[in-house]
S.K.: 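Below: one structure in structure tokens.
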Amino acid sequence: DPLYFIDWVPVQGGNNGISYLLSTINPIDIESIEVLKDASATAIYGSRGSNGVILITTKSGKEGRNQVEFETYAGFREVERQLDMLGSREFAEIANERNLNDNLPIIFDQIDSLTDINTDWQDEIFRRGFIQNYSLSFSGGNEKTTYLISGNYFDEEGTIIGSDFSRGSVRLNLDQQVTDKLKVAGRFFLSRSVNNEIDDNGVLQSALNSPPFLPVYNPDGSYVDAATLKQYSFSPSSGDNAVALATERLDQRTIDRLLGNVTASYSLTDNLSLNVLLGVDQVSSERDFYNPRILESGLPAGVGSKNFRKITSFLNENTISYNKTFGDIHDLSVVAGYTWQTEQNEFLTGSSNGFVTDELQNNILSAGENFSAPNNGFEEWTLLSWLGRINYTLKDKYLFTLSGRADGSSRFGAGNKWGFFPSGAVAWRVSDEAFIQDNISQLSNLKLRISYGISGNQAIDPYESLQRFTDVGLAFGGTPNSGFAADNLGNPDLRWETSNEYNAGLEFGFREQRILASVDYY
């Protein structure tokens with residue numbers, strides 16, 4: 001994954017992936033998205049930006065009168081088309097033909113009696129899903145203070161029955177000019193999202209493999225079970241009744257998220273400023289799972305589990321920046337600083353099976369007959385960095401960038417924790433030259449750029465360089481005992497993976513930037 005920043009705080013993917021975490025953000029809050037791709041642009045972010053950087057900035061209050069905005073939309077989603085499936089007669093004819101080819105007795109000797117029922121299992125699991133979204137914001141401010149407060153509720157029904165996603169969030173963005181030299185800003189975001197997940201492969205596979213001459217329900221209202229479906233399925237592993245699988249299995253993920261930061265900028269002189277950022281990103285997730293006994297995977301008496309995970313990331317950035325224009329043709333910008341980031345990841349899981357009733361689902365795991373041993377774990381890593389960047393522009397036509405970053409990661413061996421990653425870039429705004437302006441009036445922009453950089457990668461699990469042990473259960477003389485055994489081969493020589501990247505590009509703009517194009521080789 002690329003590295004995502006939301007209001008200057010890096011967002012980590014965690015075990016559930018970056019898509020889970022980004023789904024907690026309200027898109028309406030987003031002011032801008034910037035994508036950094038080449039090594040020169042991403043090198044200042046060090047190892048975390050080795051696969052590119054995406055900068056997401058949320059909306060802020062504007063100086064002027066107070067404003068109240070309400071936005072809502074609603075809509076539907078549905079499957080555009082479904083697969084053409086066999087009817088009951090065609091299914092029976094092909095099943096008989098297959099057995100004849102295998103020198104086996106035919107399965108259906110009274111095909112006409114099967115035509116009373118023609119179940120298209122796709123129709124039974126697909127639906128038109130309703131989407132609704134509501135956002136309310138208050139914003140405004142004066143020359144010293146600006147604010148934005150927003151709230152959002154989003155709800156979406158999936159196109160498969162039993163699936164849905166909902167999210168509620170609140171946001172506070174505050175900017176305060178404390179003195180002529182000191183400016184303080186805060187960004188605070190809190191959300192909860194609930195996702196009722198459907199195993200698409202399992203539900204769809206069961207629907208596509210189920211015979212059309214069997215109904216969803218028995219005459220007594222119970223589901224046609226997996227054993228009955230498998231008698232006539234072309235695939236012995238076709239699985240459960242697709243409708244029962246989609247509606248009766250509990251698989252719900254709840255994510256609570258706190259994302260916030262406080263920044264302070266102090267002007268030491270007109271050209272020199274000191275900047276400090278303190279940020280936190282905390283994600284708490286809970287997964288509830290229960291397989292009832294009406295499903296084959298829930299036999300003989302239900303299977304339930306609960307999983308808890310908490311990821312907490314702290315960030316501190318301290319930079320000093322210098323900006324100066326000399327003689328109206330020289331622009332110089334210098335940034336140097338030190339950053340510290342640490343992340344803690346812990347989880348707890350528990351499961352049991354053999355419940356007296358399915359009514360309680362996984363809410364009382366102690367009611368199960370058979371228990372699995374609870375499992376928990378804890379990981380922590382730290383990244384320290386020194387960084388610097390120099391930008392120089394001559395006549396706004398010739399641009400030069402030089403940057404370097406030294407990263408120290410706790411993930412590597414004792415003697416290999418630090419790596420240095422430099423980069424440089426040169427650009428020439430050719431369209432500002434007189435020979436272009438005098439001869440090609442329709443060309444509004446022509447820019448040639450070249451960059452080269454070295455980036456590092458620390459995408460390995462914590463503690464990989466250490467010899468680790470795991471718990472095991474053993475029996476001595478019929479008595480159970482607990483102990484530990486080697487879990488991996490520690491490698492103290494683990495070090496940074498580095499990659500060299502070269503990029504050359506040409507950007508075009510025509511007719512006052514109405515037409516844009518670019519060509520890159522990398």
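Along the sequence shown, the residues carry numbers beginning at 1.
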S.K.: Run the numbers on Glu78 and Arg128 for salt bridge (charged side-chain N to carboxylate O under 4.0 Å, His left out), then give the verdict.
M.R.: CA-CA 5 Å; Glu78 60 183 357; Arg128 176 179 293 175; 3.3 Å; yes

S.K.: With under 30° as parallel and over 60° as perpendicular, where do the rings of Tyr290 and Phe355 fit, or are they tilted in between?
M.R.: perpendicular

S.K.: Compare every heavy atom of Leu315 with every heavy atom of Trp8, then report the nearest pair and how far apart it is.
M.R.: O-CD2, 3.9 Å

S.K.: Apply side-chain contact (heavy atoms from CB on, under 4.5 Å) to residues Phe91 and Phe213 and explain how you reach the verdict.
M.R.: CA-CA 9 Å; Phe91 184 97; Phe213 56 83; 3.6 Å; yes

S.K.: Heavy-atom distance under 4.5 Å between the side chains of Glu157 and Arg127, does that happen here?
M.R.: yes

S.K.: If you look at every heavy atom in Ile160 and Ala246, which pair is closest and at what distance?
M.R.: CG2-CB, 4.4 Å

S.K.: State, with a plain yes or no, whether a side-chain heavy atom of Leu148 is found less than 4.5 Å away from one of Ser60.
M.R.: no

S.K.: So, Asp155 and Ser166: side-chain donor and acceptor under 3.5 Å apart, yes or no?
M.R.: no

S.K.: More than 12 foreign heavy atoms under 6.0 Å from CZ of Phe308: is that the case here?
M.R.: yes

S.K.: Measuring only between side-chain heavy atoms, which start at C-beta, is Asp225 closer than 4.5 Å to Ile294?
M.R.: no

S.K.: Is atom CG of Asn481 surrounded by more than 12 heavy atoms (other residues, nucleotides or ligands) closer than 6.0 Å?
M.R.: yes

S.K.: Can you tell whether the side chains of Glu286 and Arg309 come within less than 4.0 Å, N to carboxylate O?
M.R.: no

S.K.: Are side-chain N/O atoms of Gln341 and Ser313 paired as donor and acceptor at under 3.5 Å?
M.R.: yes

S.K.: Indicate whether any N or O donor in one side chain lies under 3.5 Å from an N or O acceptor in the other, for Ser150 and Asp29.
M.R.: yes

S.K.: With the threshold set at 4.0 Å, does a side-chain nitrogen-carboxylate oxygen contact exist between Arg187 and Asp175?
M.R.: yes

S.K.: Give me the ring orientation class for Phe70 and Tyr134: parallel if the planes are under 30° apart, tilted from 30 to 60°, perpendicular past 60°.
M.R.: parallel

S.K.: With ring centroids as reference points, do Trp381 and Tyr463 lie under 6.0 angstrom apart?
M.R.: no

S.K.: Looking only at the side chains, is there a donor atom on one of Ser499 and Ser455 sitting less than 3.5 Å from an acceptor on the other?
M.R.: yes

S.K.: Hey, would you say the Tyr217 and Tyr223 ring centroids sit under 6.0 Å apart?
M.R.: yes

S.K.: Evaluate the side-chain contact (heavy atoms from CB on, under 4.5 Å) criterion for residues Thr119 and Leu214: first the C-alpha distance (whole Å), next the side-chain angles of each, then the deciding distance (0.1 Å), finally the verdict.
M.R.: CA-CA 7 Å; Thr119 303; Leu214 288 178; over 6 Å; no

S.K.: Between Ser451 and Asn503, is the side chain to side chain donor-acceptor pair (under 3.5 Å) condition met? List the steps.
M.R.: CA-CA 5 Å; Ser451 66; Asn503 189 98; 4.6 Å; no

S.K.: Do the non-hydrogen side-chain atoms of Thr228 and Lys230 ever get within less than 4.5 Å of each other?
M.R.: no

S.K.: Regarding Tyr73 and Glu71, is there a side-chain donor-to-acceptor distance under 3.5 Å anywhere?
M.R.: no

S.K.: Does a salt bridge link Asp407 with Arg405, judged by any charged N lying under 4.0 Å from a carboxylate O?
M.R.: yes

S.K.: Please check this pair: side chain of Trp121 against backbone of Pro211, looking for a donor-acceptor N/O pair closer than 3.5 Å.
M.R.: yes

S.K.: Is there a donor-acceptor contact under 3.5 Å linking the side chains of Asn133 and Asn152?
M.R.: yes

S.K.: Can you tell whether the side chains of Arg287 and Asp251 come within less than 4.0 Å, N to carboxylate O?
M.R.: yes

S.K.: Can a donor-acceptor pair be found between the side chains of Arg253 and Asn195 at a distance below 3.5 Å?
M.R.: no

S.K.: Do Val216 and Asn241 have side chains that get closer than 4.5 Å, going by heavy atoms?
M.R.: yes

S.K.: Considering non-hydrogen atoms only, spot the tightest contact between Arg171 and Asp7 and give its length.
M.R.: NH1-OD2, 3.5 Å

S.K.: Taking side chain as C-beta onward, heavy atoms only, is Trp496 less than 4.5 Å from Ser409?
M.R.: yes

S.K.: Please tell me whether Thr58 and Asn173 have a donor and an acceptor in their side chains that are separated by less than 3.5 angstrom.
M.R.: yes

S.K.: Taking everything shown except Leu489 itself, do over 12 heavy atoms lie less than 6.0 Å from its CG?
M.R.: no

